[in-house]
Amino acid sequence: DTGVSQNPRHKITKRGQNVTFRCDPISEHNRLYWYRQTLGQGPEFLTYFQNEAQLEKSRLLSDRFSAERPKGSFSTLEIQRTEQGDSAMYLCASSRDFQETQYFGPGTRLLVL
Amino acid sequence: AQKVTQAQTEISVVEKEDVTLDCVYETRDTTYYLFWYKQPPSGELVFLIRRNSFDEQNEISGRYSWNFQKSTSSFNFTITASQVVDSAVYFCALSGALNAGNMLTFGGGTRLMVKP
């Protein structure tokens with residue numbers, strides 16, 4: 001199996017712009033998770049999908065954030081009207097199913113100027 | 001609510017020394033999983049180990065070993081004969097087995113620096 005991939009690896013944007021990140025999970029993994037990691041902290045859960053259904057969202061996920069997983073394959077995370085506080089590493093993980101180990105991608109590092 | 005505490009924010013050792021990274025957790029779940037991940041400078045979280053709450057056997061994998069003690073809610077990680085390549089941030093994490101989401105709760109991480 002190839003691992004989880006994420007694109008882009010780095011993104012610099014100006015405040016107020018919209019950005020979109022993509023995550024491709026390990027093939028045949030049903031679950032896909034998004035986490036956010038700020039400098040010097042551990043990752044924090046944002047949201048997860050079981051196939052194409054988004055089943056839970058953290059309160060960290062403001063209404064400027066939206067995630068999709070069409071057809072239960074890759075996922076996108078969009079941030080609208082970015083703010084400097086959105087600067088972080090956005091990590092994607094996938095697992096085969098419920099209670100299975102999550103494997104992480106390399107992350108997308110976002111810097112909002 | 002779940003919580004993971006890694007009290008050591010940074011550890012520095014000289015190559016070939018043994019080092020133990022501490023992890024203490026809190027959960028109300030009776031069934032749960034504990035994990036360790038490694039995050040090298042490249043940023044990707046690399047899975048190291050998963051234990052379930054019913055299995056308190058210690059585990060050894062090469063130079064790595066893990067000590068799970070339910071009585072003290074700890075899941076400590078020891079690297080024997082450390083090497084420069086072990087330099088990274090290490091995260092301990094917890095997920096409740098009965099939580100449908102299975103999302104991970106991470107500690108703040110311990111930065112390990114191994115000097116030659």
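Because only heavy atoms are used, hydrogens play no part in the values below, and waters and symmetry mates are left out as well, while side chains stay in. A, B, ... follow the sequence lines: proteins, then strands. Residue 1 opens every chain. Everything quoted here is computed from the prediction, not taken from an experiment.
B/Phe106 and B/Tyr90 are members of different hydrophobic clusters when ILVMFWY side chains are connected at heavy-atom separations under 4.5 Å.
Contacts between B/Ser42 and chain A at a heavy-atom distance below 4.5 Å involve the backbone alone (N, CA, C, O). Contact annotation for A/Gln41: only backbone heavy atoms (N, CA, C, O) come within less than 4.5 Å of a heavy atom of chain B. Within the 4.5 angstrom heavy-atom criterion, no atom of A/Gln6 approaches chain B. In this structure, chain B has no heavy atom under 4.5 Å from any part of A/Arg109. For B/Gln6, no part lies under 4.5 angstrom from a heavy atom of chain A.
Side-chain atoms of B/Leu104 and A/Pro43, non-hydrogen and from C-beta on, never get closer than 4.5 Å to each other. You'll find the side chain of B/Met103 reaches within 4.5 Å of the side chain of A/Tyr35, heavy atoms only. Two residues are said to be in side-chain contact when any heavy atoms from C-beta on lie closer than 4.5 Å; B/Glu44 and A/Tyr103 fail this criterion.
Atom OH of B/Tyr37 and atom OG1 of A/Thr101 lie 6.0 Å apart (nearest 0.5 Å).
Annotation: B/Lys115, atom NZ; neighbour count of heavy atoms from other residues, nucleotides and ligands within 6.0 Å does not exceed 12. By the neighbour-count criterion of 12 heavy atoms within 6.0 Å, atom CG of A/Leu113 is densely surrounded, having more than that number from other residues, nucleotides or ligands. In this structure, A/Arg15 places its CZ atom where only 12 or fewer heavy-atom neighbours from other residues, nucleotides or ligands lie under 6.0 Å away. Within 6.0 Å of CZ on B/Arg50 lie more than 12 heavy atoms contributed by other residues, nucleotides or ligands. Heavy-atom neighbours of A/Leu111 CG from other residues, nucleotides or ligands within 6.0 Å: above the threshold of 12. Within 6.0 Å of NZ on A/Lys57 lie no more than 12 heavy atoms contributed by other residues, nucleotides or ligands. For A/Glu78, the CD atom counts as densely surrounded, since its 6.0 Å shell holds more than 12 non-hydrogen atoms of other residues, nucleotides or ligands.
Looking only at distances, a side-chain donor or acceptor of A/Gln102 sits under 3.5 Å from a matching main-chain atom of B/Asn102.
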Inset, instruction - Might you work through the side chain to side chain contact (heavy atoms under 4.5 Å, CB included) test for B/Tyr33 and A/Glu100, ending with a clear yes or no? - result: CA-CA 10 Å; B/Tyr33 294 99; A/Glu100 297 288 332; over 6 Å; no
